[in-house]
2 protein chains.
Amino acid sequence: MTDLADLRLTPQRMAVLEVLRAADDHPTAAEVYERVRRTSPRIGSATVYRTLSLLVSTGRALELNLGDGAAARYDANTCRHDHAVCDGCGRAVDLDHPVPDGMMAEIARRSGFAITGYDLQFRGMCPDCQANSSDPARAAGGTGPTVNTHAKGALHAEA
Amino acid sequence: MTDLADLRLTPQRMAVLEVLRAADDHPTAAEVYERVRRTSPRIGSATVYRTLSLLVSTGRALELNLGDGAAARYDANTCRHDHAVCDGCGRAVDLDHPVPDGMMAEIARRSGFAITGYDLQFRGMCPDCQANSSDPARAAGGTGPTVNTHAKGALHAEA
DNA sequence: AGTGATACTGAGATTCGTTCTCAACCAGTG
DNA sequence: CACTGGTTGAGAACGAATCTCAGTATCACT
Ligand SMILES: [Zn+2]
Ligand SMILES: [Zn+2]
Ligand SMILES: [Zn+2]
Ligand SMILES: [Zn+2]
């Protein structure tokens with residue numbers, strides 16, 4: 001990967017990068033901020049946001065938009081990978097799955113696009129939340145996330 | 001609170017649904033609001049947001065989170081389909097392509113998740129923006145024309 | 001008609017994530 | 001030492017989306 005030579009390695013940036021590298025989950029910027037403050041209490045949130053986008057734009061981190069409209073998440077695992085997102089607890093686990101190369105070529109051919117990449121997330125229930133599906137209490141460590149209402153109804157006109 | 005079995009087809013909801021059905025792009029809530037106001041000037045944005053999520057939760061529209069951190073987009077085409085998003089102009093075109101069923105089963109098996117669905121967006125340059133790529137107005141994304149996974153540019157002092 | 005129950009609306013306030021502004025703060029260079 | 005340019009941090013500002021709540025519309029039953 002790109003080396004850090006072209007970056008000014010300030011203590012704040014170092015702290016952010018270390019927090020991100022130590023994270024096994026996929027923390028949001030706010031979570032990174034919170035963790036960085038434990039070792040660098042004087043850091044400002046603007047610096048964390050700035051550093052995260054710097055890391056992303058230089059290929060040292062990935063920004064994940066898991067599609068639920070929530071905050072962006074950051075991933076120090078820069079190898080191309082996709083995620084499975086739990087509708088219950090919001091956890092996102094890494095997927096190391098084979099991507100059919102022919103599929104992207106086919107899409108490019110049929111759409112006329114010059115495809116440069118793709119984002120793919122699976123959604124479902126993680127094993128923990130499947131076990132606790134009848135229990136309204138949160139799974140271990142779960143940050144009360146997305147209440148997914150899949151109720152169906154019918155619009156009926158009376159006029 | 002609201003029992004979805006008791007839904008009324010009010011003029012406001014009618015107007016939102018018609019705007020969405022008439023849209024060939026994938027408008028954001030703000031764009032839907034703007035268009036609805038042309039025929040229903042008294043409508044409030046809260047009603048538009050409420051109606052859109054109502055349409056989504058009752059299966060009459062899809063909410064798209066195209067992953068660039070921008071606003072959600074809405075789609076009256078409720079058939080399962082994916083999108084190709086242009087890094088140049090932001091346009092999102094529908095893709096009608098088959099995703100191998102075996103892939104989802106494999107993901108489910110390996111992750112332990114109970115997979116209920118997936119979100120997939122391709123990114124790249126649409127034909128129009130490819131033609132105008134000689135114009136150095138803006139080339140925010142990677143300029144690589146071939147299949148390249150999330151090419152990251154060198155760090156440039158971001159404005 | 002009237003009455004009450006319930007759903008819906010719209011204006012504004014509020015929340016949340018993120019970016020911007022700007023004075024102060026280093027780190028180099030001469 | 002002063003100069004210069006990148007960096008920081010506090011708070012303001014921003015855009016998207018939701019919430020609050022009083023007022024309105026529509027229903028069921030008389
Ligand atoms: Zn879960
Ligand atoms: Zn990951
Ligand atoms: Zn384009
Ligand atoms: Zn579509």
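Lettering follows sequence order; numbering is per chain, from 1.
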Measure from [atom1] on [X] to [atom2] on [N] and round the result to the nearest Å.
| X | N | atom1 | atom2 | answer |
| --- | --- | --- | --- | --- |
| Y33(B) | dG15(D) | OH | P | 15 Å |
| Q12(A) | dT7(D) | CD | P | 11 Å |
| D68(B) | dA16(D) | CG | P | 12 Å |
| Y74(B) | dA17(D) | OH | P | 6 Å |
| R42(A) | dC26(C) | CZ | C1' | 15 Å |
| Y49(B) | dC16(C) | OH | C1' | 13 Å |
| R8(A) | dT4(D) | CZ | P | 16 Å |
| L52(A) | dG9(D) | CG | P | 14 Å |

Determine whether D94(B) and N77(B) make a side-chain contact, defined as any pair of heavy atoms from C-beta on separated by less than 4.5 Å.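 D94(B) vs N77(B): side chains touch.
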Are H81(A) and D96(A) packed together at the side-chain level, in the sense that at least one heavy-atom pair is separated by less than 4.5 angstrom?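 Not touching, per the 4.5 Å side-chain cut-off.
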Residue of the set T28(A), L17(A), L20(A), T47(A) for which side-chain contact (heavy atoms from CB on, under 4.5 Å) holds with L52(A):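 The passing option is L20(A).
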Parallel, tilted or perpendicular: which fits the ring planes of Y118(B) and F122(A), with parallel below 30° and perpendicular above 60°?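 Correct class here is tilted.
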Where does the angle between the aromatic ring planes of H26(B) and H83(B) fall among parallel (under 30°), tilted (30 to 60°) and perpendicular (over 60°)?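 Rings of H26(B) and H83(B): perpendicular, over 60°.
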How would you label the contact of [X] with the nucleic acid (heavy atoms, under 4.0 Å): base, sugar-phosphate, or nothing?
| X | answer |
| --- | --- |
| T10(A) | sugar-phosphate |
| R50(B) | base |
| A70(B) | nothing |

Please tell me which of N65(B) and P11(B) maps to the more 5' nucleotide of DNA chain D, matching each residue to the nucleotide holding its nearest heavy atom.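 First, find each residue's nearest nucleotide; the 5'-ward one identifies N65(B).
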Can you tell which of dG11(D), dT18(C), dT20(D) lies closest to the side chain of A46(A)?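 Closest of the options to the side chain of A46(A): dG11(D).
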Among dA16(D), dT18(C), dT8(D), the nucleotide that comes nearest once only the side chain of T47(A) is considered: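 Ranking dA16(D), dT18(C), dT8(D) by closest atom to the T47(A) side chain puts dT8(D) first.
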